[in-house]
Amino acid sequence: MKGKEIQTDEDEDQVPCCLSQRWKTAYVGFLGFICVYAVRVNLSVAIVCMVKSQNSTLGNADNDSFLIQGDPCTADAESNSVYEHAEFDWSKTTQSTILASFFYGYIVTQIPAGWLADRFGGRRVFGIGMLIAAICTLVFPVCARTSVILVYALRVLLGLSTAVSFPAVQSLWGRWAPPLERSKLISFTYLGTMFGMVGTFSTSGLLCQYGFDNGWGSIFYITGGITFLWVCLWFYVTADTPNQHPRISEAERKYITSSIEYNTSIKTTKTPWKSIALSSVVWACLTAHVCNNWTNYTLLTSLPTFMKEVLKFNIQNNGALSAVPYICQAVSGFLAGQTADIIRSKRILNTTNTRKLYQVTAFIGAGALLVAVGYTTCDQRDTAVALLSLAVMFTGLCRAGYVVNHVDFAPRYAGVLYGITNTVATVPGMVAPIVAGALTPNKSQSEWRYVFFVCAGFDLFGAIVYGLFGSGTIQDWARDEVEIQVKIKDEKEDPVDKAAAVLPNKNKEEQNLQTEQSVDVTLSKPEVIYTSVVYRSVGASQDINNENVKMVQF
């Protein structure tokens, strides 16, 4: 008989952990997302020292106009720096369009990248995408000095290439992450986004002043060169599936493949688009993704402006202060991934309730703290920074919520699912900064309060929808279907009827079902054929959630 290999407790004790191939994949993935965000946000800092003084801060020629006579914080506000190596006369509109053009490409390739990763492997999709991103970054200084049209084209191409990162890695973890390690592996990998953002913002300012090629050019050469080296490391360390990895131990291979809910060695050839579109679980994840991104993009793009206009900070000369909230987010994201898997492994909560706990807590905590920030004044700047840091820290809990949830309920299609939700969730990146600008024409504290109210409203809506419809149970349309044929010569009860009793629903309709695997069980005397379809899911030893995910053994 043929069946699924079962991992024994003795074998599991021999499986490596911190130096295992799955954790090496997580380490290299972490470095990869540092590179993703380094090439993504480097222009946000570099453009300040690329453009001549009259436009150097996106048209803030009257940048100090917000300093009101008699304001208690006026004395603390700092003036902006002027960079003597600036080369370009780009207008405010040109600069804004250049920065926004990234999203025009970023929104296009999410779903195709997920589909390609699910079908051909996330390793190749992510690696090739980042290779293109590295090349775009390395040639940026030359193209910028040649034509602004080339700058637009490079930013769009950079968006197209880096957009593959999240869907490809989600697909990869759908084939590599054992159920009880998903939160920690995926959340650790995505910690690179925060480190990439903080590291790039803090070092790019120094490179502007002290780097080579007029300062700003060195930002692109260094980030592009590091990304190119990372691509080489990625292709050497990783593989699309455990079965394809040349250096994985047999114990680890069996441990991973015996716990994943589907056969990772079979290529995904079709996607159940209709089932995905009608799935309430998918819609819950999509809603959470959009609502969380609204808050994230609002803070990412408008936080420096709020600190300047209301708290009277000059973020350009205080990069460490602007990085504090995202350092807090990195810590909370790491702890969320570790503790979520502990909660599940000890059966304190099942997967569904664990995901809801972390995601709803993230929404409610962030929303409430942002409302409080809206009532702080300039002379309470320390309190405001603390509240902002706590709010961003709460958003880090999403790493154990909707982010990993795609792999929970549909690991086979995790790439395309994340591509779908991230495509829609890119819209807030385009709209949220515009809404924030429209709500704050006079740059007053009361106007900024409405910006935070809008964020809190999205958070509340996301908490309600995800709390009602989120699930960690693998969906029927995401399971493997297995066709079982039993060949019998006569219809005697011994042993035919006993075998037939184990295989329910043997009727003519089921005989015509198309499946991806077949298991032939030939009894002593052939020839009557029965066909039944069962769903292949996680083994009984891995069923920590009692969510009807029992493996059928043969």
Side-chain angles (χ1 to χ4, degrees), residues 26-27 29-30 33-34 36-37 41 166 169-170 173 177 181-202 285 288-289 291-300 303 320-345 348-349 351 353-373 382-408 425 452 455-456 458-460 462-463 466-467 470 472:
Y27 302 146
F30 168 82
F33 277 97
I34 290 179
V36 169
Y37 268 70
V41 305
F166 286 99
V169 171
Q170 287 285 109
W173 283 127
E181 297 183 30
R182 282 175 180 158
S183 303
K184 58 173 70 80
L185 286 168
I186 296 175
S187 63
F188 179 83
T189 303
Y190 292 155
L191 281 181
T193 60
M194 275 80 79
F195 281 89
M197 188 162 48
V198 171
T200 304
F201 277 135
S202 59
C285 260
H289 203 157
C291 293
N292 180 69
N293 271 20
W294 185 279
T295 298
N296 271 342
Y297 279 123
T298 297
L299 294 177
L300 185 62
L303 184 58
L321 181 64
S322 62
V324 168
Y326 296 99
I327 294 173
C328 294
Q329 187 185 57
V331 173
S332 66
F334 176 77
L335 294 177
Q338 301 299 311
T339 56
D341 281 346
I342 292 174
I343 289 173
R344 295 166 62 230
S345 63
I348 298 172
L349 292 174
T351 302
N353 290 330
T354 300
R355 300 299 177 224
K356 289 182 178 181
L357 172 66
Y358 280 86
Q359 188 60 56
V360 173
T361 302
F363 278 138
I364 299 300
L369 288 165
L370 287 176
V371 169
V373 170
D382 293 338
T383 302
V385 172
L387 291 173
L388 282 168
S389 298
L390 288 172
V392 177
M393 184 184 73
F394 267 98
T395 64
L397 300 181
C398 295
R399 301 299 181 187
Y402 80 86
V403 174
V404 67
N405 198 198
H406 301 73
V407 185
D408 289 325
F452 295 126
C455 291
F458 272 94
D459 288 338
L460 179 60
Y466 193 84

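Both backbone and side-chain heavy atoms feed into the values below; hydrogens, waters and symmetry mates do not. What you are looking at is a predicted structure, and each value in this text was computed from that prediction instead of being measured.
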Nearest atoms (heavy-atom pairs only) where [X] meets [Y]:
X    : Y    : result
A362 : L397 : CB-CB, 3.8 Å
V360 : G467 : CG2-CA, 4.1 Å
L369 : A391 : CD1-N, 3.6 Å
V373 : A384 : CG2-O, 4.2 Å
A456 : V371 : CB-CG2, 3.6 Å
I364 : A463 : CD1-CB, 4.0 Å

- Note on the structure: Residues passing the side chain to side chain donor-acceptor pair (under 3.5 Å) test with R355, sequence neighbours excluded, are S183, D408

- Task: Give a yes or no on this: more than 12 heavy atoms of other residues, nucleotides or ligands lie within 6.0 Å of atom CZ of F195.
- Result: no

For [Y], is there any backbone N or O sitting under 3.5 Å from a side-chain donor or acceptor partner on [X]?
X    : Y    : answer
T361 : Y358 : no
Q170 : V403 : yes
T200 : M197 : no
K184 : G337 : no

- Query: In this structure, which one of Y402, Y466, Y297 forms a ring pair (Phe, Tyr, Trp, His ring centres under 6.0 Å) with H289?
  - Reply: Y402

- Please name the residue in the list Y37, F33, F30 that meets the ring pair (Phe, Tyr, Trp, His ring centres under 6.0 Å) test with Y190. F33

Side-chain touch [X]/[Y], heavy atoms, less than 4.5 angstrom:
X    : Y    : value
L191 : F188 : yes
L370 : F394 : no
T395 : N292 : yes
F452 : T295 : no
R399 : T193 : yes
M393 : P325 : no
I186 : H406 : no

- Query: Does F334 have any ring-ring contact (aromatic ring centres under 6.0 Å, His included) partners at least two apart in sequence or in another chain, and if so, which?
  - Reply: none

- Query: Checking side chain to side chain contact (heavy atoms under 4.5 Å, CB included) for the pair V392/M194: CA distance, chi angles, key distance, verdict?
  - Reply: CA-CA 11 Å; V392 177; M194 275 80 79; over 6 Å; no

